[in-house]
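Presented below is the structure to which this report refers.
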2 protein chains.
Amino acid sequence: MALLNGGANGMNTPTSSSDSVEQVTLCHICSDRATGNHYGAISCDGCKGFFRRSIRKEHNYKCRFNQNCNVDKTHRNACRACRLRRCMQAGMKAGAIQNERDVIGKRRKIESEGETSGQFLQSLLVSEKLCLQLRESVIKSTEQVVYDTGKIKYNTHPAHFATLNDVGTSIHQQLCILVEWAKSLIQFQELPLNDQAALLKACAAPLIVHGVAYRSLSTDGGVYLANEKILSTEEATLIGDINLVVSRIINELVIPMRELGYDSTDYVALKAIIFFNPYIIRPTNPTVASILKNARLLALKALKNQRPDDLDECRFGQLMLLLPAVHSIAQQLVEDVQLCHLFQLINVDDLMQELILNDGSKANKDTVPHAVIEKLKSPV
Amino acid sequence: MALLNGGANGMNTPTSSSDSVEQVTLCHICSDRATGNHYGAISCDGCKGFFRRSIRKEHNYKCRFNQNCNVDKTHRNACRACRLRRCMQAGMKAGAIQNERDVIGKRRKIESEGETSGQFLQSLLVSEKLCLQLRESVIKSTEQVVYDTGKIKYNTHPAHFATLNDVGTSIHQQLCILVEWAKSLIQFQELPLNDQAALLKACAAPLIVHGVAYRSLSTDGGVYLANEKILSTEEATLIGDINLVVSRIINELVIPMRELGYDSTDYVALKAIIFFNPYIIRPTNPTVASILKNARLLALKALKNQRPDDLDECRFGQLMLLLPAVHSIAQQLVEDVQLCHLFQLINVDDLMQELILNDGSKANKDTVPHAVIEKLKSPV
DNA sequence: TCAAATCGGTCAAAGGTCCC
DNA sequence: AGGGACCTTTGACCGATTTG
């Protein structure tokens, strides 16, 4: 059984010694017999279940040793922190963990008022899934046509190291997806056009940083750009101050996220919290502020209601502490991009200009963001 | 539950009509009530645990009698050798004993945990009170002597409108108080000197912004500087970009704080959360990171345990949302001060230079902050 | 249509905890 | 210094859903 094709995952299998007789595929985490591709990694049933339980529940594992425990079939239960780390390294994605299904014999949870925040969360998950699909096509379309007319691109490896040009490409792609994501949100649709544009402008950089960090949870020693390139800390040294941004993303976001067992639900909720910021823009009318406040409150509740059994670790608070880092790193990213733009190191199109480079704190608030408006108006 | 279905005979009917008498299965070793099939034998929890411990520790028991001791519920602890022999005879297999696993979360976690965060909160309130007293004297001493030798000062009104020079004075005063505040915290005292300096440097600007916002809760249309001057939005327009910082403090901090009923307890807790940031510096050793994490967790718990009856408004989350604004405004403040310094608009002494202007993100991380170190060493 | 692949859940039997 | 009552976690096994 288990005809493992390993198609989507282009990772090289380190089973060099298994060329003898039996063609059993081994678990990439513990080298037990694998039963298939689970959550993005070839793995056994044990590691599959372990990963699902770890993501679903709180599970703040802590390694009692040096973060490098041996993880094999006989020792995999000795250190859950290192086992989970290995799961991430092997390519398991928290985003692949679905929601709990309805079980006929089980009583449904009594939702007094949390139903609305739960519904909101569901809609966020749906929007995220749509954008994930969109990302595939955006990557392809922008790769050759829309953006970057200059350089020849090498895309032979599914995951290879990024160039400075890739950084620009990635930012551009993420901005495109970001606009579509926003447009898919009901609360966003209710806003006037200029408030929509202002909100996007104010939150674009933080949302990009947040997204990059989330995608990089399973990557070691680098960040995972939107265009499936890896920006390693070593490579990043070569291209200006970007390496500082990269290392900050890893130290201040990726590592804490891993410790907290950050999952897709956390991600979409925090994304909404970043986005629906009533104070970051000067709303045209009180209704706008009210919509934003309401949406943010729903997202807050949704995030808080994750892991209801969390009494000790104050997980919700720890998650909220990611926000200052997100904003601070975003600010630094903007400065770096501005610098790169100044020295003509990357291509900057109108969308990037309007959403990233136009500093909202400066006096040019009245400039109309034509490209953004255009994208907001277009159907898809 | 553990209804023993009897692995040997497959004729078991699921919970059928055997409810006439309680059909308890007995331990095959000691005839106590069995809890299931353990290690290959129907057995009780006692024999299960005994067998595991015996195999794990490689105990060599010796029977002092004739290898045929009675092993039942009351006598099973009389002879370990015979009990272990009976375990083997009943079918227990040493091979079923696995390796030791990772630790499980403590069962009792309610004790003293909430008390600690309460104690921590109390110590924070005490430190704050001390600093409030210190502020009085600092304002007086810096007013005429320590800082600002150039300009003539007007201090006829207890609260009057501030000049740009007052901004500099206020920042300087708050830095002095900040250092003393930090020194009064036990967790801070446990840190190495260079980590102390790094932490102060990284958090000085956000803490100042946070403090200014808190003091301005009762002021309308302006912010209340440390030196009892009011910086109004109208006045601030005159002196560069400071007006933007002032209006952001009001819009993004003061107004939300008012809506939330921000009080002194919230203030000291959030201040500690801002301060004990394990990711903002690169700690010299793991202990430092651990101290910071621990302190921040205590502060988080303290803040969360405010208003325990808050279910609807998610107050804790709303309070945490102040943090991104604090950091963002702080970053802008630093830029403005840097600009003012460049154009010689305000006086900058060593302390201010080291704590505010030296951008931690730049490469000059190795510069030793002499003035800070000096202040850290001095008794008061 | 249907079978492979992969998602979800279940629960006996491993584990560990901690009062006695 | 274990014993053992009580709790948590593991993973083999199964059904449900999706996909080509």
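Source: prediction; values computed, not measured. We name chains A, B, ... by the order of the sequence lines, and we start the count at 1 in each one.
- Between B/Arg101 and B/Arg83, the residue anchored nearer the 5' end of DNA chain D, judged by the nucleotide with its closest heavy atom, is B/Arg83.
- Geometrically, B/Arg83 engages B/Phe50 in a cation-pi contact, judged by NZ or CZ lying under 6.0 Å from the ring centre and within 45° of the ring axis.
- Residue B/Asn77 is classed as a sugar-phosphate contact, given heavy-atom separations below 4.0 Å to backbone atoms only.
- Using a 4.0 Å heavy-atom cutoff across all strands shown, B/Gly49 reaches no nucleic acid atom at all.
- Remark: C/dT1 base-pairs with no nucleotide in the shown strands. Criterion, Watson-Crick or G-U wobble with two distances under 3.5 Å.
- Taking a cutoff of 4.0 Å between a charged side-chain nitrogen and a carboxylate oxygen, A/Arg56 and A/Asp263 do not qualify as a salt bridge.
- Using cut-offs of 30° and 60° on the angle between ring planes, the pair A/His210 and A/Tyr267 is parallel.
- The phosphate of D/dG11 has neither OP1 nor OP2 within less than 4.0 Å of any side-chain N or O from A/Arg52.
- Mapping A/Cys47 and B/Ser54 onto DNA chain D by nearest heavy atom places B/Ser54 at the nucleotide closer to the 5' end.
- At whole-Å resolution of the value, CZ in B/Arg80 and P in D/dA1 are 12 Å apart.
- Nucleotide C/dG15 holds its P atom 14 Å from the NE2 atom of A/His75, rounded to whole Å.
- An OP1 or OP2 oxygen of D/dG3 is reached within less than 4.0 angstrom by no side-chain nitrogen or oxygen of B/Arg76.
- A close approach under 4.0 Å does occur between a side-chain nitrogen or oxygen of B/Tyr39 and OP1 or OP2 of C/dG15.
- At whole-Å resolution of the value, NZ in B/Lys73 and P in D/dA5 are 7 Å apart.
- The base of D/dG4 lies close enough to the side chain of B/Arg53 for a donor and an acceptor atom to sit less than 3.5 Å apart.
- Side-chain N/O atoms of A/Asn70 and A/Asp72 include a donor and acceptor closer than 3.5 Å.
- Here D/dG3 presents its P atom at 11 Å from CG of B/Leu84, a figure rounded to the nearest Å.
- In this structure, B/Tyr39 and B/Phe51 have tilted ring planes: the angle between them lies in the 30° to 60° band.
- One can place CG of B/Asp45 at 17 Å from P of C/dC18, the figure rounded to the nearest angstrom.
- Note: CG (B/Asp72) to P (D/dG4) measures 12 Å, nearest angstrom.
- As a whole-Å value, the separation of B/Arg56 CZ from D/dG2 C1' is 15 Å.
- Counting atom types as modelled, A/Lys48 pairs a side-chain N or O with a base atom of C/dG8 as donor and acceptor under 3.5 Å.
- The distance from atom NE2 of A/His38 to atom C1' of D/dA12 is 12 Å, rounded to the nearest whole Å.
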